[in-house]
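Structure first, commentary second.
Just follow the structure's listing: the first ligand is 1, and inside any ligand the first atom is 1.
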Amino acid sequence: MAAETNAGKRLKSLTGMDAWKALKVHAKAMSDVHLRTLFAEDAKRGERMTVEAEGIFLDYSKNRVTDETLKLLLDLAEESGLRRRIDAMFSGEKINITEKRAVLHTALRAPKGTTIMVDRKNVVPGVHEVLEKMAAFAERVRNGAWVGFTGKPIKNVVNIGIGGSDLGPVMAYEALKHYSKRDMVFRFVSNVDDTDFAEAVHDLDAEETLFIVSSKTFTTLETMTNAHTARAWMLEKLGGHESGIAKHFVAVSTNAAEVEKFGIDTANMFGFWDWVGGRYSMDSAIGLSTMLAIGPDNFRAMLAGFHAMDEHFRTAPFEKNLPVLMGLLSVWYTDFFDAQTVAVLPYEQYLKPFPAYLQQLTMESNGKHVTLRGKQVNYSTGPIYWGEPGTNGQHSFYQLIHQGTRLIPCDFIAFYHTLNKLGRHHDMLIANVFAQTEALAFGKTEEQVKAEGTPDWLVPHRVFEGNRPSNTILAEKLTPKVLGELVALYEHLVFVQGTIWQVNSFDQWGVELGKALAQKIIPELESAGDPELKHDSSTNHLIRLYREHKG
Ligand code: G6Q
């Protein structure tokens, strides 16, 4: 199969590769090497081990690597056929082999005039057609030309979607709030928990509210339940006028038949394609709420940022390639230092939901235990991604990163400029970024602690071992373009990881089993008579308990 070959040769198993074996040996030698030593031996390390591309600067010098480590990791990328895999993805090969689909989120931001063929059809004109339809709609809503059933302009937009149809829109709205139309309200409903919907609409005037039902399949339990609840809520507020629904509901989907069945005019449906994975879809029509918030021009600027990073990833030599370097570094810690997690720490309040967004992107993509050939892996794959914005995290979980027993590589993300200048705040914020990466890398030795006059018994508690690795990512300021670049950076980093680990980063069978079981349990919770329960004793007991309490 094409996706598994490197220049025509069948790909070796990862642990059978020469570079992997060399890395194993090298990792032993590196296990005791301290960042203090690496910096002491090379006065220029902090300037040398940096890359800048498209306005994104990466300092990777505070990683536990030498030039030899990087060379071996780059060899591993070559031996894993990364170059060929990148070309395969960008050219529309069906590399999502378990779902037999191309993986073309990069086509969503391809400039007009580009040709990308899927099943002998150029997909780029369709992308721009949808973008233009979104822009025309967004303009009408934003300038008040689109009115609700009673003639009032739309003030409130509620996106109903879950997973990939929610996390991207939520994150992009929060991240780009500075650029949003402040006299409009944006809410996001995802959970099937009643409270999510109830709280989202409790203070909204239905006559000024537009629901966007965002669902690739238009069959997802949570989304369709919330969409039907929204429909009933709207109908009640509009005095039962069915004809009002068309003015207050639009859909984003690939499934026109289901959209129509729901009662949304397909003229008000914004389409996308099966080659866009849910977690890679925030720059497709799934981003309609984002476009309504920030306007078509800012949305296009975001797409330009995505595209700039795509081009960098596709063309830059691997040793200067941001997603390649960051992807390889995460493989280094996951597989050779047994690191279980990666912390993403944005020092930018607007990026508060960025770690939550990355959790899906990274963990749904690479939380896999079989290779493309269906073989169980004998190495670790996707680490757990998590994080919170600085400086808040410093006053809670950073303790464990500094002095705990686990190795937690960190990505610090910060900007030279704030979007809300208030006195000295920004200098203080950035001082904390630099202080944290310095403290993590260099720590504080026993001698230093003693020299401060610390009593002997307290010394061990106050020693910081250091040698905690981190990346520092800096950009000018958070703009739509920079957000696009950052998201694409992580998308491609995930791709690099998946290529090395030989997994399919584009399916998500792991979410299926629970979904199917829930469908079985719903009628058991709701049936009037006593249902015959055939689960294990724990599940049966829990179902009975719930039924008893429900009354
Ligand atoms: C993402 C996943 C998943 C998906 C949701 C929503 O990659 O496929 O999170 O986005 O399950 O699916 P729908 O958009 O079809 O409702």
Query raised in the report: Is the closest protein non-hydrogen atom to atom 11 (O) of ligand 1 under 4.0 Å?
Result: no
Query raised in the report: Who's the nearest protein heavy-atom neighbour of atom 6 (C) of ligand 1, and how far?
Result: Ile162 O, 3.1 Å
Report summary line: atom 15 (O) of ligand 1 has as its nearest protein heavy atom Thr217 OG1, 2.6 Å
Query raised in the report: Do Lys368 and Val377 have side-chain heavy atoms sitting under 4.5 Å apart?
Result: no
Report task. Could you check if a side-chain atom of Glu491 sits within less than 4.5 angstrom of a side-chain atom of Tyr280, using non-hydrogen atoms only? Result -> yes
Report summary line: ligand 1 atoms nearer than 4.0 angstrom to some heavy atom of Ser215 are 13 (P), 14 (O), 15 (O), 16 (O)
**Report entry** Protein residue, atom and distance nearest to atom 2 (C) of ligand 1, heavy-atom basis
**Finding:** Glu364 OE1, 3.5 Å
Query raised in the report: What atoms of ligand 1 come closer than 4.0 angstrom to any heavy atom of Arg279?
Result: 1 (C), 7 (O)
Query raised in the report: Looking only at non-hydrogen atoms, which of Val276, Thr220, Asn255, Leu221 approaches atom 13 (P) of ligand 1 most closely?
Result: Thr220
Query raised in the report: So with a 6.0 Å cut-off around NE2 of His128, is the heavy-atom count from everything else above 12?
Result: yes
Query raised in the report: In terms of atom number and element, which parts of ligand 1 are under 4.0 angstrom from non-hydrogen atoms of Gly278?
Result: 1 (C), 7 (O), 10 (O)
**Report entry** Given Phe299, Tyr179, Phe186, the one that forms ring pair (Phe, Tyr, Trp, His ring centres under 6.0 Å) with Tyr173
**Finding:** Phe186
Report task. Could you find the nearest protein heavy atom to atom 3 (C) of ligand 1 and give me its residue, atom name and distance? Result -> Gln360 NE2, 3.8 Å
Report task. Indicate the ring-plane relationship of Phe337 and Trp332, choosing parallel, tilted or perpendicular according to the 30° and 60° boundaries. Result -> perpendicular
Query raised in the report: Which residue owns the protein heavy atom closest to atom 4 (C) of ligand 1, what's the atom, and how far is it?
Result: Gly164 N, 3.8 Å
Report summary line: Near Gln508 (heavy-atom distance under 4.0 Å), the atoms of ligand 1 are 7 (O), 8 (O)
Query raised in the report: Looking at Tyr357 versus Tyr490, is the centre-to-centre ring distance below 6.0 Å?
Result: no
Query raised in the report: Is the NZ or CZ atom of Lys177 positioned over Tyr350's six-membered ring, under 6.0 angstrom from the centre and within 45° of the axis?
Result: no
Requested in this report: Could you tell me whether some N/O pair between Gly277 and ligand 1 is separated by less than 3.5 angstrom?
Outcome: no
Query raised in the report: Is the number of heavy atoms from other residues, nucleotides or ligands under 6.0 Å of Lys112 NZ greater than 12?
Result: no
**Report entry** Check: Ser165 N/O within less than 3.5 Å of ligand 1 N/O
**Finding:** yes
Query raised in the report: Is the shortest side-chain N to carboxylate O distance from Asp297 to Arg300 below 4.0 Å?
Result: yes
